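Before any comments, here is the structure.
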Amino acid sequence: MNTRLIECVPNFSEGRDKQVIDAITSAVCSVEGVKLLNVDPGAATNRTVVTFVGCPEAVVEAAFRAIRMAASVIDMRKHQGAHPRIGATDVCPLIPVSGITMEETVEYARSLARRVGEELGIPVYCYEKAAMSEIRSNLAVCRAGEYEGLAKKLQSPLWKPDFGPGDFTENVAKTGLTVIGARDFLVAANFNLNTTSVRRANSIAFDVREKGRKVIVDGKETVQPGSLKSCKAIGWFIEEYGIAQVSMNLTDIGVTPLHVAFDEVCARASARGMRVTGTELVGLIPRRTLLEAGRYFLHKQQRSSGLPEEELIATAVRSMGLNDLRPFNPREKVLEYLLEDGISGKQKLVSLSCRSFALETASESPAPGGGSVSAYMGTLAASLGTMVANLSSHKKGWDERWAFFSDWAEKGQALVSELLFLVDEDTASFNRIMDAFSLPKSNEEEKVARSAAIQEATLYATRIPLRTMSAACKCFDIVDAMVREGNPNSVTDAGVGALAALAAVKGAYLNVRINAAGLKDKTVAASLTESAEELLKEAVDKEMNIWKQINEKIA
């Protein structure tokens with residue numbers, strides 16, 4: 001994804017009044033170029049987490065309009081809720097998604113903060129990466145004292161707003177203060193406990209959160225750190241569910257992934273005589289969070305993790321009880337899925353049934369053609385090799401070899417994903433050439449631009465089948481390992497995989513040659529063709545060797 005994208009996840013101090021929530025989200029949707037991904041209200045917390053994404057300028061405008069709307073429809077003097085809060089728009093983080101640096105995101109956050117302070121008369125603290133001072137980098141510190149302590153807080157020179165009024169005016173009394181910043185992706189999760197005790201939930205939270213708890217050692221107060229880095233946590237009671245929860249923010253899932261936090265909370269709860277019954281995810285999460293969790297729990301069972309993405313996610317959902325309080329739909333909670341479904345909106349070839357794909361290929365349209373079919377043949381090759389690896393990983397008597405086969409199956413799944421992408425991308429590259437040929441050519445300037453566009457599209461359309469050849473060639477390594485080491489009952493399945501891989505390589509090779517012939521830069525064309533020749537020879541040799549092994553095994 002090369003488009004410049006920023007995600008914004010503002011938290012508004014209203015989770016019960018649908019009209020108020022709708023007014024705020026309508027303000028977000030009024031900005032062109034912004035996609036509203038998720039609205040997550042909570043009645044007990046009286047708080048709504050809204051997630052939207054788009055180009056930076058559009059996101060900043062949408063955030064401003066949402067903050068302005070929240071200031072007009074929420075009165076903090078009347079607000080009550082279980083979640084800590086300090087303003088109508090309590091916190092508004094910007095998160096870089098793609099094509100933009102954190103430094104650039106910080107500048108957008110500060111420009112938004114300035115505009116909110118100057119145009120709306122709302123005091124603003126900048127936090128996390130956008131913080132103007134070290135003391136304000138932590139959201140909990142910025143929000144300390146909450147709304148009820150805001151009037152006193154503003155009297156301290158240490159807590160003068162970064163932008164906006166420094167006095168507790170009538171307008172500020174209504175809107176409260178807003179905390180705006182830039183941060184990395186944060187995962188918010190609530191772990192459900194089989195208790196109603198907030199004190200016991202807090203004891204677990206203090207066990208695990210990075211800042212830990214205050215203790216007395218040798219008569220002196222000191223801090224005992226918690227067990228999880230990059231983790232903030234508190235305990236609370238949710239009347240809506242009738243349970244206590246450990247509410248957690250994971251500020252760096254590279255340091256502490258969700259599945260590690262889940263297991264640690266489970267262990268600490270068990271040590272205190274409680275159980276974690278499930279997990280509630282707040283807002284959206286990156287796909288890798290669930291994929292890593294799925295692999296983790298499968299490995300604990302000594303099972304192969306080389307499974308399709310959907311199965312890994314289903315394992316994560318079951319293992320962490322993400323369906324405990326309400327149905328969990330990954331298409332509604334995983335950021336990448338919402339971007340695929342919401343922004344592209346175009347059905348992919350790989351989403352078609354086998355029959356529909358065949359009929360689409362058999363139609364009068366020139367695409368999809370041999371390139372997409374070659375990539376799909378490669379996908380089938382990778383799938384067959386992966387299937388044998390997964391079958392071998394739980395073959396009776398081979399338990400000690402599960403990790404070996406799991407590694408091969410994971411490599412196979414990576415190739416399946418790569419080749420499925422190339423199925424659609426080969427057709428897309430053909431369409432790019434057609435689009436370039438359709439450009440106007442009424443004057444010399446347009447002719448030059450059209451010619452350059454055609455050459456650029458042709459070069460891309462040559463590199464895509466070359467990429468298919470490379471990926472399909474890697475399938476031979478998996479197939480070869482499975483013929484030699486895998487379940488002997490599946491050796492012919494691996495053999496069919498080798499044939500499919502060879503067909504993929506040969507088919508893509510033809511596309512490389514015919515597209516390279518259209519390149520004016522003959523040096524580049526020769527280099528691409530030479531690479532294709534080498535991959536073709538490698539594929540023929542490997543398939544011949546595998547075919548020989550298979551014949552010896554089934555003789």
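Bear in mind the structure is a predicted one, so any value in this text is a computation, not a measurement.
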[X] [atom1] to [Y] [atom2] distance, which is reported to the nearest 0.5 Å:
{"X": "T256", "Y": "K229", "atom1": "OG1", "atom2": "NZ", "value": "9.0 Å"}
{"X": "M387", "Y": "N487", "atom1": "CE", "atom2": "CG", "value": "9.0 Å"}
{"X": "D493", "Y": "L384", "atom1": "CG", "atom2": "CG", "value": "6.0 Å"}
{"X": "R110", "Y": "L112", "atom1": "CZ", "atom2": "CG", "value": "13.0 Å"}
{"X": "D541", "Y": "I546", "atom1": "CG", "atom2": "CD1", "value": "11.0 Å"}
{"X": "E310", "Y": "T315", "atom1": "CD", "atom2": "OG1", "value": "11.5 Å"}

ask   = Under the salt bridge (charged side-chain N to carboxylate O under 4.0 Å, His left out) test, which residues partner K300, sequence neighbours left out?
value =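 Result, salt bridge (charged side-chain N to carboxylate O under 4.0 Å, His left out) vs K300: D263.
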
Student check: side-chain heavy atoms of [X] and [Y] closer than 4.5 Å:
{"X": "S451", "Y": "K520", "result": "yes"}
{"X": "R183", "Y": "V9", "result": "yes"}
{"X": "L536", "Y": "V505", "result": "yes"}
{"X": "V59", "Y": "Y108", "result": "no"}
{"X": "L291", "Y": "E309", "result": "yes"}
{"X": "V50", "Y": "F12", "result": "yes"}
{"X": "E292", "Y": "I253", "result": "no"}
{"X": "I180", "Y": "I67", "result": "yes"}

Crowding at [atom1], [X] (>12 non-hydrogen neighbours, <6.0 Å):
{"X": "K441", "atom1": "NZ", "answer": "no"}
{"X": "K129", "atom1": "NZ", "answer": "no"}
{"X": "E32", "atom1": "CD", "answer": "no"}
{"X": "R65", "atom1": "CZ", "answer": "yes"}
{"X": "E552", "atom1": "CD", "answer": "yes"}
{"X": "K506", "atom1": "NZ", "answer": "no"}
{"X": "Q301", "atom1": "CD", "answer": "yes"}
{"X": "W547", "atom1": "CH2", "answer": "no"}

key: CA sep, side-chain torsions, deciding dist, call: D184, E128, side chain to side chain contact (heavy atoms under 4.5 Å, CB included)   = CA-CA 9 Å; D184 292 317; E128 284 280 356; over 6 Å; no

request  = Check the pair K474 / E418 against side chain to side chain contact (heavy atoms under 4.5 Å, CB included), numbers first and verdict last.
outcome  = CA-CA 11 Å; K474 293 175 183 174; E418 164 79 353; over 6 Å; no

request  = For the residue pair D521 and Q455, confirm or rule out a side-chain donor-acceptor distance under 3.5 Å.
outcome  =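 Looking only at side-chain atoms, Q455 and D521 do not form any donor-acceptor pair under 3.5 Å.
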
query = Looking only at side chains, do E533 and Y509 share a donor and an acceptor under 3.5 Å apart?
reply =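 On atom types as modelled, these side chains qualify, holding a pair under 3.5 Å.
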
Determine yes or no for a side-chain-to-main-chain donor-acceptor pair under 3.5 angstrom, with [X] supplying the side chain and [Y] the backbone.
{"X": "S393", "Y": "N390", "result": "yes"}
{"X": "S230", "Y": "L250", "result": "no"}
{"X": "N329", "Y": "R331", "result": "yes"}
{"X": "K553", "Y": "V483", "result": "yes"}
{"X": "S363", "Y": "E360", "result": "yes"}
{"X": "E311", "Y": "P308", "result": "no"}
{"X": "N515", "Y": "N511", "result": "yes"}

key: Candidate list D40, V282, I313, test side-chain contact (heavy atoms from CB on, under 4.5 Å), partner K333, passing option   =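 Single pass found, and it is D40.
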
query = For L36, which of V31, T25, T51, V53 qualifies under side-chain contact (heavy atoms from CB on, under 4.5 Å)?
reply =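 Among the candidates, only T25 passes.
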
Do any side-chain atoms of residues 366-383 form donor-acceptor pairs under 3.5 angstrom with protein atoms, and if so which ones, sequence neighbours left out?
{"residue": "S372", "atom": "OG", "partner": "V423", "partner atom": "O", "Å": "2.6"}
{"residue": "S372", "atom": "OG", "partner": "T427", "partner atom": "OG1", "Å": "2.6"}
{"residue": "S374", "atom": "OG", "partner": "G370", "partner atom": "O", "Å": "2.7"}
{"residue": "S374", "atom": "OG", "partner": "A508", "partner atom": "N", "Å": "3.4"}
{"residue": "T379", "atom": "OG1", "partner": "A375", "partner atom": "O", "Å": "2.9"}
{"residue": "S383", "atom": "OG", "partner": "T379", "partner atom": "O", "Å": "2.8"}

key: Criterion salt bridge (Lys or Arg N to Asp or Glu O under 4.0 Å) on R463 and E425, from CA distance to verdict   = CA-CA 11 Å; R463 285 176 171 159; E425 198 61 17; over 6 Å; no

Looking only at heavy atoms, which two atoms of [X] and [Y] are closest? And how far apart?
{"X": "W402", "Y": "S304", "answer": "CE3-N, 4.4 Å"}
{"X": "L466", "Y": "V512", "answer": "N-CG2, 3.5 Å"}
{"X": "F262", "Y": "F297", "answer": "CD2-CZ, 3.9 Å"}
{"X": "C475", "Y": "L419", "answer": "SG-CD1, 4.0 Å"}
{"X": "E543", "Y": "L499", "answer": "OE2-CD2, 3.4 Å"}
{"X": "T462", "Y": "L528", "answer": "CG2-CD1, 3.6 Å"}

Distance-only check: which donor-acceptor pairs under 3.5 Å involve side-chain atoms of residues 405-413, not counting sequence neighbours?
{"residue": "S406", "atom": "OG", "partner": "S305", "partner atom": "N", "Å": "3.0"}
{"residue": "S406", "atom": "OG", "partner": "S305", "partner atom": "OG", "Å": "3.3"}
{"residue": "E410", "atom": "OE2", "partner": "S305", "partner atom": "OG", "Å": "2.2"}
{"residue": "Q413", "atom": "NE2", "partner": "G306", "partner atom": "O", "Å": "3.1"}

task = Show your working on side chain to side chain contact (heavy atoms under 4.5 Å, CB included) between R287 and L335 and close with a plain yes or no.
result = CA-CA 7 Å; R287 176 170 49 195; L335 175 62; over 6 Å; no

task = Might you work through the side-chain hydrogen bond (donor to acceptor under 3.5 Å, both in side chains) test for E332 and Y337, ending with a clear yes or no?
result = CA-CA 8 Å; E332 297 174 354; Y337 292 163; over 6 Å; no

ask   = When you check the gap from the basic side-chain N to the acidic O, do E446 and R450 get nearer than 4.0 Å?
value =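 No, this pair does not count.
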
Lys/Arg N to Asp/Glu carboxylate O, E485 vs R401, below 4.0 Å =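 So E485 pairs with R401 through a salt bridge.
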
inquiry  = Quick one, S490 with M482, criterion side chain to side chain contact (heavy atoms under 4.5 Å, CB included). Give me CA distance, side-chain angles, the key distance, then yes/no.
reply    = CA-CA 9 Å; S490 300; M482 293 307 104; over 6 Å; no

